[in-house]
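In what follows, a single structure is set out as structure tokens and then discussed.
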Amino acid sequence: MSIERYLLLGAGGHGMVVLDALQSCGPQIDICVVDESVDLIGKRVLGTIVERFDPTVKRTEQRFHVSIGGNAVRARIFEALKVLGGLPSTIVHPIATIARSAVIADGTFVAARAIIAPAATIGEGVIVNHGAIVDHECVVHNHCHIAPGATLAGNVRLGSRVLIGAGANILPGITIGDDATIGAGAVVTVDVPPGMTYAGVPARKIR
């Protein structure tokens with residue numbers, strides 16, 4: 001039996017979720033969890049001791065996954081590890097649902113009970129969290145985070161590093177620009193420009 005080896009970078013709350021998904025995939029996976037936080041190094045997370053992350057070590061052909069919820073930090077470390085030769089790996093929880101025609105790029109995480117519908121396209125380093133739905137023909141660019149229970153209706157477009165808050169609903173055909181933030185529980189009925197924060201029902205610009 002071959003052993004798959006993963007470097008999991010990030011041992012906080014989201015890291016625990018990703019580690020649980022990996023452990024659910026079977027015993028043939030060797031997982032090394034690392035972090036930069038002195039508060040986490042040496043601690044045990046789901047039975048695995050957290051080691052110190054050394055950003056100067058070459059990662060030639062080493063499979064990695066950045067398990068950090070913050071989009072900007074996750075994107076920065078993701079790109080740095082690629083420069084060091086690492087291979088970003090997508091992790092999908094065994095009870096997530098992914099259509100055969102969906103396309104998912106490297107380094108993305110799909111949590112338990114998330115759904116990615118037909119012809120959806122997901123970029124690099126994206127988080128589709130617990131129970132989130134990405135409906136048909138959506139396009140989600142790199143390093144977005146779709147929080148638990150959020151829904152993208154059909155043909156929604158997300159730019160890069162967009163945060164969709166927990167339980168938010170994005171109506172069909174809406175476009176949300178790079179680095180925008182949608183508050184938890186919002187219902188988005190209009191396009192959102194890059195860098196803006198919208199919240200409420202219906203969602204309005206608040207920042």
Side-chain angles (χ1 to χ4, degrees), residues 1-94 96 98 102-111 114 116 121-129 134 139-147 158-164 178-181 194-195:
M1 177 187 299
S2 63
I3 302 294
E4 296 182 81
R5 291 183 168 81
Y6 283 87
L7 177 72
L8 196 63
L9 201 155
H14 181 64
M16 187 182 301
V17 170
V18 177
L19 178 58
D20 174 72
L22 265 179
Q23 291 174 336
S24 299
C25 292
Q28 68 279 17
I29 298 177
D30 179 18
I31 308 165
C32 176
V33 179
V34 298
D35 204 289
E36 294 177 311
S37 171
V38 295
D39 294 332
L40 292 172
I41 295 167
K43 291 194 172 179
R44 191 176 290 273
V45 177
L46 300 183
T48 301
I49 294 177
V50 179
E51 300 178 18
R52 184 177 70 86
F53 173 59
D54 184 347
T56 66
V57 172
K58 283 285 185 185
R59 303 290 177 181
T60 305
E61 297 189 356
Q62 183 177 25
R63 299 177 72 179
F64 74 86
H65 186 92
V66 183
S67 50
I68 296 173
N71 290 339
V73 175
R74 186 171 70 259
R76 174 177 57 80
I77 295 175
F78 183 98
E79 297 303 331
L81 288 173
K82 282 177 65 177
V83 169
L84 291 170
L87 302 175
S89 293
T90 288
I91 296 171
V92 178
H93 194 283
I98 299 177
V103 176
I104 302 176
D106 294 333
T108 279
F109 175 64
V110 185
I116 299 179
T121 301
I122 309 293
E124 289 185 329
V126 170
I127 298 170
V128 183
N129 224 319
V134 179
V139 176
V140 178
H141 286 100
N142 295 349
H143 306 299
C144 290
H145 183 169
I146 304 167
L158 301 188
S160 296
R161 300 171 302 278
V162 171
L163 171 61
I164 305 295
D178 295 348
D179 300 300
T181 298

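Numbers here simply count residues along the sequence, with the first being 1.
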Within the 4.5 Å heavy-atom criterion, are [X] and [Y] side-chain neighbours or not?
| X | Y | value |
| --- | --- | --- |
| L19 | V33 | yes |
| I127 | T108 | no |
| L81 | L9 | yes |

Identify all side-chain donor-acceptor contacts of residues 36-43 below 3.5 Å with residues at least two apart in sequence or on another chain.
{"from": "S37", "atom 1": "OG", "to": "D39", "atom 2": "N", "distance (Å)": "3.2"}
{"from": "K43", "atom 1": "NZ", "to": "D39", "atom 2": "O", "distance (Å)": "3.4"}

### Query
Which pair of non-hydrogen atoms, one from A111 and one from A96, has the smallest distance, and what is that distance?
O-CB, 3.4 Å

### Query
Nearest heavy-atom pair of S24 and P94: which atoms, and what distance?
O-CG, 3.7 Å

### Task
Please list all pairs passing the salt bridge (Lys or Arg N to Asp or Glu O under 4.0 Å) test where one or both residues lie in residues 51-72, with sequence neighbours left out.
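As it turns out, the salt bridge (Lys or Arg N to Asp or Glu O under 4.0 Å) pairs with a partner in residues 51-72, which skip direct neighbours, are E4-R63.
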
With sequence neighbours excluded, residues passing ring-ring contact (aromatic ring centres under 6.0 Å, His included) with [X]:
| X | answer |
| --- | --- |
| F78 | F64, H143 |
| H14 | F109 |
| H65 | none |

Could you tell me whether the side chain of [X] and the main chain of [Y] form a donor-acceptor pair under 3.5 Å?
| X | Y | result |
| --- | --- | --- |
| Q23 | L46 | yes |
| N142 | E124 | yes |
| S67 | V18 | no |
| H145 | G69 | yes |

### Message
Looking at H141, I'd like to know if its NE2 atom is crowded, meaning that more than 12 non-hydrogen atoms belonging to other residues, nucleotides or ligands lie closer than 6.0 Å.
### Response
no

### Message
Please enumerate all residues that pass salt bridge (charged side-chain N to carboxylate O under 4.0 Å, His left out) together with R76, with sequence neighbours excluded.
### Response
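None.
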
